[in-house]
Amino acid sequence: MAFNLVYKGPQLRGECWQQAVAEALPDANWFTWPDVPAPEDVDAIIAWTLPDKALKTFPNLKAIFSVGAGVDQLQPDTIPDSIKLVRLIDPSLTQQMQTYVLSSVMMIHRDHFLYQAQKAQKNWQQHKVALPHECSVSILGLGELGKAVAEQLSMLGFTVNGWSRSAKQINGISAFHGPQGLSDMLATTDILVSLLPLTEETRGMISADTLAKLPKGASVINAGRGEQIIDEDLLAALDSGHIQYAILDVFKDEPLPESHPYWTHPSVHVTPHIASITRNDTAGHRLAENLLRWQRGERMTGEVDKTRGY
Ligand code: NAP
Ligand code: GLV
């Protein structure tokens, strides 16, 4: 089958991915949105977000490939059963997420917020240093990214917990699932990390209730999706001192609006959705590998369960 593919995204990435696909599938036809001469012949679209009315524009579409790990922006529940939805799984994404979470955990664990504040006052004051095993890091989401992050932190000696929808067994990690599992895990957490997908179930789940279940002085890292946190609740918990620090990479509105209190809050560190960025040089090969699997009639890596939403 010679695929007709439409790419919608930055030009440089498109050129790299077109080349990777051409090497693996010389017969494939590559079109760049919006230059698509025969939309009715298009088999698959590769995009971060879908163009308006895409499903009508491409009546014979068989697959949608997200250019990222997440698919919430493609509204999985609106995509018919006949169209496969495929997310990106790439070791380069996993490695970046490992270093993002590790550096964030270290920033909290080694008191860099505190020393930054002391520096502003030229205050030379030493504080007790905790050992990694004395710090309990809990990861929400034990999927492709969460599991790799949990394993790395565990290897470095942190006490690591993880929470997922289904029960899991992972060496060196205390795994929890379900609502009671979440409450039990939160009660023993020093640093809570979200690596959950955004679904109807995870939207707003880091709420006043959830934060109240954390011990006083716990911190939060969010590299999942912004809408998982209720911002007002997190800000209130930070202001009351119940939550010590927050390191946030993802936000309800991106770019984060200039007027947002996160920008100026002394206990909040903001990064502009850079925890794990799709690489032009590697991800095109993952796409090509998946197209080959599809051509052979095999299941592709990262096929999404649209009813579950991830
Ligand atoms: P994944 O492999 O699909 O893993 C998702 C994990 O979340 C699974 O362990 C799943 O549990 C768990 N989960 C989902 N819904 C749940 C629920 N209602 N209750 C409990 N656990 C639930 O996804 P991934 O590749 O690790 O990526 C996770 C997310 O990271 C993406 O969806 C995206 O939003 C975000 N992300 C952010 C960046 C960034 O730069 N900030 C970059 C890439 C990805 P089960 O294992 O039981 O199914
Ligand atoms: C980035 O947020 C991604 O989902 O890949």
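Note that ligands are numbered from 1 as they come in the structure, with each ligand's atoms numbered from 1 the same way.
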Counting from 1 in the order shown, the ligand 1 atoms closer than 4.0 Å to a non-hydrogen atom of A69 are 43 (C), 44 (C)

Of L140, L88, L145, T94, the one whose closest heavy atom lies nearest atom 30 (O) of ligand 1 is L145

Under 4.0 Å from one or more heavy atoms of H273, ligand 2 contributes atoms 1 (C), 2 (O)

Any heavy atom of T199 under 4.0 Å from ligand 1? The part involved is neither

Residue-ligand contact L142/ligand 1, heavy atom below 4.0 Å:
yes

message: When you compare ligand 1 with I277, is there at least one nitrogen or oxygen pair between them that comes in under 3.5 angstrom?
response: no

Honestly, for R87 the part within reach of ligand 2 (heavy atoms, under 4.0 Å) is neither

*Do any heavy atoms of M205 fall under 4.0 Å from ligand 1?*
no

Quick one: does Y310 get an N or O within less than 3.5 Å of an N or O on ligand 1?
-> yes

F3 meets the ring-ring contact (aromatic ring centres under 6.0 Å, His included) criterion, sequence neighbours left out, with W294

R225 heavy atoms within 4.0 Å reach ligand 2 at atoms 1 (C), 2 (O), 3 (C), 4 (O)

For this session: Check the pair H260 / F251 against ring-ring contact (aromatic ring centres under 6.0 Å, His included), numbers first and verdict last.
Result: CA-CA 10 Å; H260 202 289; F251 304 90; 7.2 Å; no

- prompt: Do W33 and Y7 have ring centres separated by under 6.0 Å?
  reply: no

Atom 3 (C) of ligand 2 sits nearest the protein heavy atom A69 N, 3.4 Å

the protein heavy atom lying closest to atom 23 (O) of ligand 1 turns out to be R87 NH2, 3.6 Å

Nearest non-hydrogen protein atom to atom 31 (C) of ligand 1, with distance, is G70 CA, 4.1 Å

Atom 21 (N) of ligand 1: closest protein heavy atom, distance to 0.1 Å, is R165 N, 2.9 Å

protein heavy-atom neighbour closest to atom 28 (C) of ligand 1 works out as L195 O, 3.3 Å

